[in-house]
**Student:** 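Just dropping this structure here.
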Protein chains: 2
Amino acid sequence: MSDQKSGTHAQRALITLRQRILNGQIAGGTRLFEVALAEELGISRTPVRAALARLAEEALLDRTSGGGFAVRSFAVRDVVDTIELRGVLEGTAARLAAERGVPADMLAQAREIIRQIDRLFSNETIDMEGYSALNTRFHAHLAHMSQSDVIQRQIERIITLPFASPSAFLDDHSHQLALIKTLGAAQEQHRAMIDAITNREGARAESLAREHARAARRNVEMLLGQEAALREGVPSLAILAT
Amino acid sequence: MSDQKSGTHAQRALITLRQRILNGQIAGGTRLFEVALAEELGISRTPVRAALARLAEEALLDRTSGGGFAVRSFAVRDVVDTIELRGVLEGTAARLAAERGVPADMLAQAREIIRQIDRLFSNETIDMEGYSALNTRFHAHLAHMSQSDVIQRQIERIITLPFASPSAFLDDHSHQLALIKTLGAAQEQHRAMIDAITNREGARAESLAREHARAARRNVEMLLGQEAALREGVPSLAILAT
DNA sequence: AAGGTGGCCGTTGTATACATTTGCGGGAAA
DNA sequence: TTTCCCGCAAATGTATACAACGGCCACCTT
């Protein structure tokens, strides 16, 4: 089941382990041992070490004092704070874009993405995968518009966590009914952000981006208010410590 | 000269390479080869790889497409943006502290640090090393008061870059005359931040922390305005791409 | 019974040989 | 001359054996 054939052993191990951690198959705090993993995956310790190092880089593992690795554990508070952090970073990207000014063609690209999302809305049934993809593109483009490599890197880094991605929960099928109603408001915020950036209104752009991220926080809180059974279908939250 | 005796080969290699990069001895963009480094350091490829992986984790190296590593290059813009980012993160820490409320003893600790800095000022000549240490402690404590592990980690991560540290330039001896005059204002900002947090004034706490970081940016700009010769004594900026 | 102390075993650290990949350069053909 | 392709060399990927470190437990001593 986990024998993807792509690339090197280290890459496969990385993918497998990442998936297990994000799935919650390995509890937070669990120490990972090179030999055990190597035997289980049928490879030697060397590629395992490489994979573990990359997972530490992705902040999914902590380095323990003795030199080993342990799975990082995410409490609800951490998920909320991480979403807050994304809001802060995207807010900064939006503010910098406004303050520094964005070339016309870059703004045009942003508006084009918004237009494509509008087009999706004109259909009777919403194509959630399509929306998710376009939404991700919009947010990536926002980071790009900051014209700051430093900010862009930080944003890219943080959204590797599935629950911190701008399109978190959009692909999770358990509660789409409630979600769909919020998409219209989200799109209005997209529009307002680009408007603020166009007018060089830094403070407005920043606070819009922050509020925009709050929607994700509301989703988390809504999901956690439900019965556990209903949460089964939400892979983005599977990593949560119980 | 580089044969510190502490710990493992990997640790020594990490320290040596980190120092070289921060010193600017290895130009940004330079690709690092395992074999070459191993031979030069007199160790095998294995600990070299480990060291390179950690440096990538510290964002001092980029991973190249083929699987190798290259020294990250920092332009002036990147330094400025990184300081801005610290301001944003510390601002967020201050805001969260204010919004969430900070236990009395934690606030007391913050005030104690401020008091110790006051005491330094009462001397005729300022003990810069002492100020630097206390200032670092104050900022670390601020991150702690956010009561957010996520935010705290981000701040700790970013201030490993010497020019992004809250006490950057304080230990660089070339221009202390100009700096000393700014310390009083900085201390007033420390005081105001704690006041804002005590009164649960989130927005005020945030904007104070941001403005506080601007001082570091001014220092960079001042230093870069000087003749190159005068910059020799500023190790924090040695990494800058020429 | 309590405390120290020895050694075993599990874990990471390191070196090294070999496999695999990739990028570049040179040569041949169009 | 240009382009394509082949092959070599240099780089990373991998396995494996052994070293070194450390924690734990059992046993011995007082």
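Residue numbering restarts at 1 for every chain, and letters A, B, ... go by the order of the sequence lines.
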**Student:** Tell me: CG of B:L14 to C1' of C:dT14, nearest whole Å?
**Tutor:**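 The answer, rounded to whole Å, is 16 Å.
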**Student:** I need a per-nucleotide contact map over nucleotides 15-23 of chain D, read 5' to 3'. Cutoff is protein heavy atoms under 4.0 Å; write B for the base, S for backbone only, - otherwise.
**Tutor:** BBB------
**Student:** Is there side-chain contact between B:P103 and B:Q147, with at least one heavy-atom pair below 4.5 Å?
**Tutor:**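 A side-chain contact exists here, since the closest heavy-atom pair is under 4.5 Å.
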**Student:** Verify the neighbour count for atom CZ of B:R77: are there more than 12 heavy atoms of other residues, nucleotides or ligands below 6.0 Å?
**Tutor:**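 No, not enclosed.
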**Student:** Answer yes when B:E84 and A:R100 have at least one side-chain N-carboxylate O distance shorter than 4.0 Å, and no when they do not.
**Tutor:**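 A salt bridge is absent here (no side-chain N lies under 4.0 Å from a carboxylate O).
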**Student:** Could you tell me how far apart A:R54 (CZ) and D:dT12 (P) are, to the nearest whole angstrom?
**Tutor:**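 So the CZ-P distance, A:R54 to D:dT12, works out to 14 Å.
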**Student:** I'd like to know if B:R86 and B:E156 make a salt bridge, using a cut-off of under 4.0 Å between side-chain N and carboxylate O.
**Tutor:**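 Looking at B:E156 together with B:R86, the answer is no, because their closest N to O distance does not fall below 4.0 Å.
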**Student:** Mind running ring pair (Phe, Tyr, Trp, His ring centres under 6.0 Å) on A:H190 and A:H139 for me, showing each step along the way?
**Tutor:** CA-CA 9 Å; A:H190 290 164; A:H139 282 261; 5.6 Å; yes
**Student:** Using salt bridge (Lys or Arg N to Asp or Glu O under 4.0 Å) as the criterion, point out the one residue from B:R63, B:R54, B:R157 that pairs with A:E57.
**Tutor:**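 With A:E57 as partner, B:R63, B:R54, B:R157 yield a single salt bridge (Lys or Arg N to Asp or Glu O under 4.0 Å), made by B:R63.
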**Student:** Assign each of B:S65 and A:F69 to its nearest nucleotide of DNA chain C by heavy atoms, then name whichever residue's nucleotide is nearer the 5' end.
**Tutor:**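 The residue mapped nearer the 5' terminus is A:F69.
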**Student:** Below 4.5 Å, heavy atoms only, C-beta onward: do B:I159 and B:T136 meet side chain to side chain?
**Tutor:**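 Not touching, per the 4.5 Å side-chain cut-off.
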**Student:** Determine the contact category for A:A50: base if any of its heavy atoms lies under 4.0 Å from a base atom, sugar-phosphate if only primed atoms, P, OP1 or OP2 are that close, otherwise nothing.
**Tutor:**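 If one applies the 4.0 Å heavy-atom cut-off, A:A50 turns out to touch nothing in the nucleic acid.
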**Student:** Salt-bridge test for B:D62 and A:R153: reply yes if a basic N is under 4.0 Å from a carboxylate O, no otherwise.
**Tutor:**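 Yes.
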**Student:** Would you jot down, in residue-number order, the residues of residues 27-38 of chain A having a non-hydrogen atom under 4.0 Å from DNA chain C?
**Tutor:**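 Within residues 27-38 of chain A, the residues near DNA chain C are A:R31, A:L32, A:F33, A:E34, A:V35.
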